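First the proteins, then the strands, lettered A, B, ... as listed; each starts at 1. Model, not experiment: these values are computed from the prediction.
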Number of protein chains: 2
Amino acid sequence: MSRFFSNRLSSLVPYIPGEQPKDTKYIKLNTNESPFKPTQKVAKAVEKQAGLLQLYCDPECSDLVIKMSEVFGVGKENILMTNGSDEALNFAFMAFCGEETSIVFPDITYGFYPVFAELNNIKFEQIPLKDNFSICVDDYISVNKNIVIANPNAPTGIYLSLHEIEKIVVSNPDNVVIIDEAYIDFSGESAVKLTNKYDNLLVVGTFSKSRCMAGARLGFAIGNEKLINDLNTIKYSTNPYNVNRLTQSAGLAVLEENEYYMEKCREICNNREWTKSELKKLGFCMTDSTANFIFVSHGKIGGEDLYFALKNRGILVRHFSSEKIKNYNRITIGTKEQMEILIKTIKNILSKH
Amino acid sequence: MSRFFSNRLSSLVPYIPGEQPKDTKYIKLNTNESPFKPTQKVAKAVEKQAGLLQLYCDPECSDLVIKMSEVFGVGKENILMTNGSDEALNFAFMAFCGEETSIVFPDITYGFYPVFAELNNIKFEQIPLKDNFSICVDDYISVNKNIVIANPNAPTGIYLSLHEIEKIVVSNPDNVVIIDEAYIDFSGESAVKLTNKYDNLLVVGTFSKSRCMAGARLGFAIGNEKLINDLNTIKYSTNPYNVNRLTQSAGLAVLEENEYYMEKCREICNNREWTKSELKKLGFCMTDSTANFIFVSHGKIGGEDLYFALKNRGILVRHFSSEKIKNYNRITIGTKEQMEILIKTIKNILSKH
């Protein structure tokens, strides 16, 4: 830390992203990326835009927003595009929280929420998950604070029904409820359809997982026009050209073949269910994940030990050191072939324990 | 504004970017873009990366930072890459200013500085330029506040010598001096060479102007390792994957042909001097701009009138409504052909006044 660093932020602990090895020798199951490449249409779109890079991108992302509006069935005025969904989340923390308004979220969830809160000087409360790692909906009824819930939650993958989400939204009419749907396309129904009914519901999404574009950084928020206007006030006070020209065109190309990407999601869900059943046969405990990852532990080998054993054998998964989940690993679902190698490798590891 | 918007930010006035018309019918001289496209090498680089978009980008931008280090002659630990230089500036405001540390900058300069200050709840003071629109260096000596100076300044294009910058840096040893060098490649010597001498100097730059990549969003900060570490603390608490995969590869491709882009800068400088001399013949007043834009006024036609007259004739320039500069327009320097059309059009406009 330099002697110039802000006193207020001096105890800020940044988010630690999953390992991003620069070589490709690993089967990479640690950051919930898709195992599938985007199609050639994306390559053609970005190549074309490369010849226009001298010009600023459209700060309104107009073409992309028009297509988003069609795919998600909401008005253009209900959409904000962002530099990854992290930016959408950070903007929402900045816009709707503050000295007067704190925020609550589960104790086990996306690790960036407490960081955004600390960064923006926002008081927050972490509500413990139940012993089975599920969210207790009653804990969020009439809390009179802003709420952020990842649905399905990470790293558990457990999904709250739309009915449960709606109960939370209805019972906190004077606060914003943010539903972070990074993994929704592998899971249940999206809360987007509730956004025209409730002015206090903001849904955040990303192209990183189900649309195979983690490297392009494209996220979005969908909600009531006034909420979106507020997020735009933050965006135009931070980085008006937040989504670059290449990413805008890639996002548009992906949405034009949306059905292809949704088909790939179904393939990943099939691989997930197969992997779960194989791991159960091997004695693993797991949550009922509906995401593109599973969250598993085994009585015979500790979470960190399994992480290192897999890494030594060329498979990267994600281990979190926090006490409550230290026996678990979060494993991204890849291709069927990758999952077969995973199972074979785990069998080999267990045979030595 | 929604009823949920943060009280503290309720009077925030966002930055208004220059017009970005979606058609290409205008000669666009309003946002200081380069009139030159990046080379084919960039198109090839981004096309290749499109096939890897399913993977997160390298949060450390390692390959790009290695090349930056070579081109700018500083250590890798002295460099942070950002999503446009706006992000680098915002991070610096967040990291080094706060309740205890306010910031000063000229009253006429890049319009985003007061917005970043308001956004982050930072007290700021705007120091008036001299009547000739130049910065009075003495006003910044021993101010004991953080300082941000665009050099050359915008929208005036006036350059402070490295000697003057150094005087300011030396006289404020307990505060960070941020030099925003968005336009330095069209101007004088860069302050980057002073960064290894002073731990309180941060230089911010961009690929948007001299490197023809406004649409890719790539900026950077160069400074003492501890300053860069602080900015990284902010980055990893905001958006660890801030620079996407496509932009990282485009930036690398541009730096690999750096001399081509610097040659284009020299061409723009030649066009600038030609345009200045033509406009002087027509009776225009102007600052001694050393950027890729000029800042001009004419006794016979008001700034806004000239703006509209040019727009009606297919040429977009930038007019600022603030009282002190409302008689002026900022005109981006384009190709020689574009500048010839500009001069011809202005002659035509003046002949009717």
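- Among Leu218(A), Leu12(A), Leu9(A), Asn232(A), the residue making the largest number of heavy-atom pairs under 4.5 Å with chain B is Leu12(A).
- Looking only at side-chain heavy atoms (C-beta outward), Ser237(B) and Glu118(A) stay at 4.5 Å or farther from each other.
- Interface check for chain B: of the options Ser62(A), Gly215(A), Ala50(A), the most heavy-atom pairs under 4.5 Å are formed by Gly215(A).
- Neither the backbone nor the side chain of Gln49(A) comes within contact range of chain B; no heavy atom of the residue lies under 4.5 Å from a heavy atom of that chain.
- Ranked by heavy-atom pairs under 4.5 Å with chain A, the list Lys28(B), Lys209(B), Gln20(B) is led by Gln20(B).
- Met94(B) places a side-chain heavy atom less than 4.5 Å from the side chain of Leu119(A).
- Contacts between Asp174(B) and chain A at a heavy-atom distance below 4.5 Å involve backbone atoms as well as side-chain atoms.
- At least one side-chain heavy atom of Val42(B) sits under 4.5 Å from a side-chain heavy atom of Leu53(A).
- Options Glu33(A), Glu60(A), Lys226(A) differ in how many heavy-atom pairs under 4.5 Å they form with chain B, and the most are formed by Glu33(A).
- In this structure, Asn83(B) contributes its side chain and Asn242(A) its backbone to a donor-acceptor pair below 3.5 Å.
- Between chain B and the options Asp230(A), Asn121(A), Val115(A), the largest number of non-hydrogen pairs under 4.5 Å is found for Asp230(A).
- The line from CG of Leu55(A) to SG of Cys212(B) is 10.5 Å long, rounded to the nearest 0.5 Å.
- For chain A, the option among Thr31(B), Asn229(B), Thr238(B), Thr247(B) with the highest count of heavy-atom pairs below 4.5 Å is Thr238(B).
- Side-chain contact between Asn90(B) and Asn239(A) is absent, with no heavy-atom pair separated by less than 4.5 Å.
- Heavy-atom neighbours of Glu99(A) CD from other residues, nucleotides or ligands within 6.0 Å: at or below the threshold of 12.
- Contact of Asp199(A) with chain B is made through backbone and side chain together, with heavy-atom distances under 4.5 Å.
- Here Ala95(B) is the residue among Ala43(B), Cys57(B), Ala95(B) with the most heavy-atom pairs under 4.5 Å with chain A.
- For Asn175(A), the part lying under 4.5 angstrom from a heavy atom of chain B is the backbone only.
- Evaluation of the salt bridge (charged side-chain N to carboxylate O under 4.0 Å, His left out) test over residues 41-50 of chain B, restricted to residues two or more places apart or in two chains, returns Lys41(B)-Glu256(B).
- Between Leu246(B) and Arg217(A), the closest side-chain pair of non-hydrogen atoms is not below 4.5 Å.
- For the options Ala216(A), Gly98(A), Ala250(A), Ser208(A), heavy-atom pairs under 4.5 Å to chain B are most numerous at Ala216(A).
- Between chain A and the options Thr101(B), Asn200(B), Val13(B), heavy-atom pairs under 4.5 Å are most frequent for Asn200(B).
- When every heavy atom of Arg3(B) is checked against every heavy atom of Pro173(A), the shortest pair comes out as NH2-O, 2.9 Å.
- No side-chain heavy atom of Pro35(B) sits less than 4.5 Å from a side-chain heavy atom of Gln54(A).
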For Val176(A) and Phe5(B), what are the C-alpha separation, side-chain angles and deciding distance, and is it a side-chain contact (heavy atoms from CB on, under 4.5 Å)? CA-CA 10 Å; Val176(A) 178; Phe5(B) 196 55; over 6 Å; no
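- Using a 4.5 Å cut-off on side-chain heavy atoms (C-beta onward), Tyr56(A) and Pro17(B) make no contact.
- Within the 4.5 Å cutoff, side-chain heavy atoms of Asp86(A) are placed close to those of Pro240(B).
- With chain A as partner, the option from Leu227(B), Leu231(B), Ile228(B) having the largest number of non-hydrogen pairs under 4.5 angstrom is Leu227(B).
- Contact record, Ser2(A) with Phe96(B): OG-CE2, 4.0 Å, taken as the closest heavy-atom pair.
- Counting non-hydrogen atoms of other residues, nucleotides and ligands closer than 6.0 Å to CD1 of Ile66(B) gives a total above 12.
- Among Gln248(A), Glu100(A), Lys235(A), the residue making the largest number of heavy-atom pairs under 4.5 Å with chain B is Glu100(A).
- In terms of heavy-atom pairs under 4.5 angstrom with chain A, the leader among Ala45(B), Ser34(B), Gly84(B), Cys97(B) is Ser34(B).
- Proximity to chain B (any heavy atom under 4.5 Å) is restricted, for Phe112(A), to the side chain, taken from C-beta onward.
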